[in-house]
Amino acid sequence: MIASVIVDVAARQTDRMFDYLVPNELADTIVPGVRVHVPFANRNVQGFVMKLHNEPQIAIEKLKPISDQLDLTPPVTEELLLLSEAIKEETLSYHISVLKAMLPAAMRASYDKELYLEEEDPELTGLFVDGVIASWNEFTKQAPENDIQLITRHIRKGTIRVSPIVTTKDARKKQLQVTYVQEPDLTQFSQAKKQLLLSEYLLTCEIGTSFTLKGLAEEANVTTAVINQLVDKGVLKKDYATVGRDPYAGRTFKSSVPMALTEEQQESIRPIEEAFQTNKHETFLLHGVTGSGKTEIYLQSIEQVLDKGKEAIVLVPEISLTPQMVTRFKSRFGSRVAVLHSALSKGEKYDEWRKIREGKVDVVVGARSAVFAPFTNLGIIIIDEEHEMSYKQEEAPRYHARDVAIKRASYYNCPVILGSATPSLESFARAKKGVYTLLSMQERVNQTAMPPVHVIDMREELQNGNRSMFSTSVLEAMQDRLAKKEQMVLLLNRRGYSTFIMCRDCGYVAECPHCDISLTYHRNDQSLQCHYCGHRETIPTVCPSCQSDSIRFFGTGTQKVEQELAKELPDARVIRMDVDTTRRKGSHEKLLQSFEKGEADILLGTQMIAKGLDFPNITLVGVLAADSMLHLPDFRSAERSFQLLTQVAGRAGRHDKQGEVFVQTYTPDHYSVQDVKTHNFLSFYEKEMKMRQLAGYPPYYFLAVVHVSHADLNKAVEVTTNIASYLRRSLSDSAKIYGPSASPIPRIKDRYRYQCMIKYKIEPNLHHVLQELIESYQKEIMKTDLQLHVDTNPYMML
DNA sequence: AGCACGCCGACT
DNA sequence: GTCGGCGTGCTC
């Protein structure tokens with residue numbers, strides 16, 4: 001038998017299947033989807049068995065045997081194998097990258113080398129322990145450069161032998177067992193009653209039967225000592241069998257019951273139920289205003305799915321995978337829920353993943369990668385906040401969880417729910433076209449009105465002499481809530497203290513020497529840091545350009561607001577939530593709990609506070625700088641701005657107390673601000689669609705971007721120019737090719753970045769053209785330090 | 001991606 | 001002559 005294997009070597013030239021012989025001892029257990037170790041070139045690598053067959057692609061004598069099988073149950077199911085192929089094609093990724101993205105990190109192989117001293121050499125004394133360096137990876141981390149060079153010389157000479165090691169978490173456990181190999185001669189046991197007893201039992205079994213030690217001892221009613229005696233006599237043989245690991249220990253949870261649905265909710269859930277009950281694949285766009293009870297729809301749809309013995313995947317943006325959210329699912333479905341998110345350690349993620357694969361749970365709540373949960377009988381996939389960018393993976397494989405979800409659901413003939421208060425333009429346009437089914441919920445469950453939104457023109461404030469970051473009305477409102485002991489949320493989409501430093505005399509701005517981006521001031525260590533390459537330097541006291549001392553900080557971050565708050569409202573208790581205060585595990589949870597308990601009046605934070613918070617006592621939401629994300633060089637900036645403002649506005653007055661929202665902006669007339677004021681998604685949608693149509697962006701056109709980077713500016717431009725003309729030649733006339741153009745950040749880590757954008761409507765050949773493009777630059781990528789990558793559905797234009 | 005093979009210059 | 005530079009090409 002021959003196995004076709006995708007090996008763990010991410011390169012264009014190895015991105016295909018390699019055939020291996022399946023050794024006899026694996027013939028019974030090997031199946032497509034299992035991980036294996038295989039000899040590849042002169043080392044061992046991990047690989048995935050894709051298929052088993054009997055037609056080798058090359059002469060059978062040249063085939064090497066698989067050296068080890070790592071799983072009994074394939075971690076990649078048949079469906080996922082198929083899916084991996086489709087994703088590879090669509091995202092132009094290496095097959096191995098897709099397969100690895102489907103599994104928890106703990107299951108990936110790690111590669112190392114062992115060094116053996118073959119000949120004593122005085123130069124090398126002290127470096128080897130008993131003639132061995134057990135881990136080359138560890139060694140190179142600590143050893144001085146000289147020693148490493150010395151050793152590489154000796155490897156060439158042959159005084160040191162290198163042995164490559166591959167280690168992988170083995171999902172099997174080796175267990176001692178005994179196998180019945182030879183019929184016993186009963187006559188020899190006249191003096192050994194127990195051995196006779198065991199022998200008689202064995203005679204009722206077939207030769208070749210295996211037992212666990214404990215199992216046989218129990219069945220034959222003897223002790224293990226007796227078994228060992230028969231092992232000595234050659235009747236039984238000891239060996240090691242591979243068995244699955246022990247089942248996972250269960251837990252208990254306190255439960256919640258389904259809530260009664262409003263009429264609107266019932267109308268929304270009915271078509272979903274129908275699709276599910278009739279095994280119909282259908283994608284629903286559940287457009288429900290904040291507080292309209294989307295989560296309850298999810299919960300009750302899942303309940304139906306579970307009742308039928310099927311499984312459910314719930315995707316949530318990483319940022320809102322809050323304990324609050326998880327609790328809602330856990331308290332409804334208890335130990336049937338697995339949770340996959342980045343706060344878990346590698347091992348914890350692996351444990352959760354195993355619960356899924358072993359069928360111990362039937363609901364998964366998780367971030368993007370949970371879309372690959374290895375269920376085999378899916379009944380529904382739900383994507384909450386479907387407009388969130390975090391569903392698009394920005395590194396290879398560049399997949400979008402929404403596309404993957406729809407593909408999986410179509411395989412299982414089951415529904416997908418895309419839920420959002422502010423759907424992406426793409427999804428809403430598809431719903432209007434009838435590709436998705438639109439379900440709309442425009443009322444809040446508890447009948448509270450949407451909070452009034454006040455737009456505050458900060459230009460006026462400035463004219464009236466208010467130079468602070470709080471407008472007079474916001475300050476007054478905050479004082480009012482403070483007096484009433486109500487809570488507030490303040491959003492500022494920028495962490496840190498201030499964003500950049502500038503010389504007032506000559507306009508000099510501190511920039512990173514390696515990237516074309518201004519440096520950010522970090523207050524805690526009084527440094528200037530580059531966001532992209534980590535470069536840091538000390539703050540200049542005088543302007544490096546004109547020697548004046550008028551160096552000032554500009555821009556505002558959460559840290560600075562916190563300080564200002566202390567000045568303006570000295571009695572207010574403030575909790576600041578941003579990447580810096582939530583970096584530690586569990587701190588996110590702790591801060592929110594403390595706010596919920598009323599230990600603070602103001603929750604100040606970046607976008608992470610905009611999603612999913614549901615606290616009854618919040619009656620004021622303030623957005624301090626609404627235009628901070630409006631002017632980014634990205635065609636989605638208006639959409640994102642509207643989404644963020646709507647989301648955060650939805651935090652106010654969700655319960656019996658009326659809430660109020662203040663939006664401070666320098667562009668009060670922009671439609672993304674105005675339509676937040678009127679809570680009018682449709683109006684925003686219409687206007688933004690017109691803009692997209694005019695500019696030729698999604699959803700009217702599809703996009704693909706080719707990114708090029710090189711240390712040499714001329715080279716980068718030259719290559720991108722060639723690519724652009726190649727694309728113009730190869731694609732249809734209706735495709736628009738833009739470029740070469742510099743990326744929005746033209747240089748990162750001393751590499752110049754250029755890009756070429758493709759806008760198209762129908763281009764059936766696109767993937768082939770791009771594939772060939774990549775291949776034709778293969779040589780150049782290998783010998784120069786050219787880097788080239790393609791994104792067939794870009795989200796971040798930066 | 002590694003790594004061996006192989007062909008050129010600068011040293012004992 | 002040999003050591004060691006890195007360009008080229010292969011991995012079942």
Side-chain angles (χ1 to χ4, degrees), chain A residues 1-24 26-27 30 32 34-70 88 92-101 108-116 118-119 121 123 133 135-137 139-140 145-168 395-397 711 715 774-789:
Chain A
M1 191 163 45
I2 286 148
S4 292
V5 175
I6 295 284
V7 291
D8 182 14
V9 181
R12 192 59 51 188
Q13 296 185 69
T14 51
D15 187 28
R16 59 186 176 90
M17 288 190 271
F18 288 88
D19 283 348
Y20 286 88
L21 290 172
V22 177
N24 286 336
L26 298 180
I30 206 155
V34 295
R35 295 169 306 151
V36 286
H37 284 169
V38 290
F40 192 66
N42 58 337
R43 63 216 148 112
N44 261 304
V45 296
Q46 194 187 77
F48 290 83
V49 173
M50 302 306 285
K51 51 187 175 190
L52 297 166
H53 54 93
N54 286 307
E55 295 98 45
Q57 298 297 299
I58 59 168
I60 199 152
E61 313 82 64
K62 286 195 168 181
L63 296 187
K64 293 179 183 172
I66 289 173
S67 36
D68 202 1
Q69 180 186 335
L70 299 163
K88 165 201 155 73
L92 301 165
S93 312
Y94 302 132
H95 207 151
I96 188 65
S97 317
V98 181
L99 290 165
K100 280 164 93 177
R108 287 179 210 155
S110 61
Y111 301 96
D112 204 345
K113 283 172 225 163
E114 234 174 0
L115 306 190
Y116 295 97
E118 294 284 279
E119 259 173 64
D121 191 304
E123 272 193 314
I133 292 176
S135 167
W136 180 242
N137 285 349
F139 185 83
T140 47
E145 188 63 28
N146 300 349
D147 287 352
I148 292 170
Q149 280 174 7
L150 176 71
I151 286 178
T152 21
R153 269 202 304 280
H154 278 275
I155 292 171
R156 284 234 185 97
K157 263 204 289 182
T159 37
I160 296 172
R161 184 168 56 86
V162 181
S163 162
I165 308 281
V166 53
T167 40
T168 297
E395 308 91 54
K715 189 74 192 166
I774 293 168
E775 256 148 47
S776 67
Y777 276 95
Q778 199 51 44
K779 275 167 262 146
E780 218 163 335
I781 290 171
M782 300 238 293
K783 56 183 170 200
T784 76
D785 75 336
L786 174 71
Q787 276 175 35
L788 189 158
H789 71 252

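Not measured: the values here are computed from a predicted model. First the proteins, then the strands, lettered A, B, ... as listed; each starts at 1.
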Selected nucleotide, minimal atom distance to A:Lys64 side chain, candidates B:dC3, C:dC12, C:dG5: C:dC12
Atom-to-atom span, CZ of A:Arg156 to P of C:dC3 - whole angstrom: 11 Å
A:Ile2 CD1 to C:dC12 C1', straight-line distance once rounded to whole Å: 10 Å
A:Lys779 NZ - C:dC6 P separation (whole Å): 23 Å
Sugar-phosphate only, base, or nothing, as touched by A:Pro39 at under 4.0 Å among non-hydrogen atoms: sugar-phosphate
Phosphate-side-chain proximity, A:Lys113 and B:dC3, N/O vs OP1/OP2 below 4.0 Å: yes
Interatomic distance, A:Gln778 CD vs C:dT8 P [rounded to whole Å]: 14 Å
Intermediate values then yes/no, side chain to side chain contact (heavy atoms under 4.5 Å, CB included), A:Ile151 and A:Ile160: CA-CA 8 Å; A:Ile151 286 178; A:Ile160 296 172; 3.9 Å; yes
Member of A:Thr168, A:Thr167, A:Asp68, A:Asp8 meeting the side chain to side chain donor-acceptor pair (under 3.5 Å) criterion with A:Gln46: A:Thr168
Stepwise side chain to side chain contact (heavy atoms under 4.5 Å, CB included) check, A:Ile148 with A:Trp136: CA-CA 10 Å; A:Ile148 292 170; A:Trp136 180 242; 4.2 Å; yes
Student check: side-chain heavy atoms of A:Lys64 and A:Val38 closer than 4.5 Å: no
Rounded distance (Å) that lies between atom P of C:dG4 and atom CG of A:Leu150: 11 Å
Rounded interatomic separation in angstrom, taking CG from A:Asn44 and C1' from B:dG2: 14 Å
A:Tyr116-A:Glu114 side chain donor-acceptor pair, cut-off 3.5 Å: yes
For DNA chain C, the residues among residues 8-19 of chain A that have a non-hydrogen atom under 4.0 Å from it: A:Gln13, A:Thr14, A:Arg16, A:Phe18, A:Asp19
Distance, rounded to the nearest Å, where A:Arg43 contributes CZ and B:dG2 contributes C1': 5 Å
Main-chain N/O of A:Pro56 paired to A:Asp19 side chain as donor or acceptor, under 3.5 Å: no
N or O in side chain of A:Asn42 less than 4.0 angstrom from C:dT11 OP1/OP2: no
Interatomic distance where CZ belongs to A:Phe40 and C1' belongs to C:dC10 [whole Å]: 8 Å
Axial cation check for A:Phe40 ring with A:Arg43, 6.0 Å and 45° limits: no
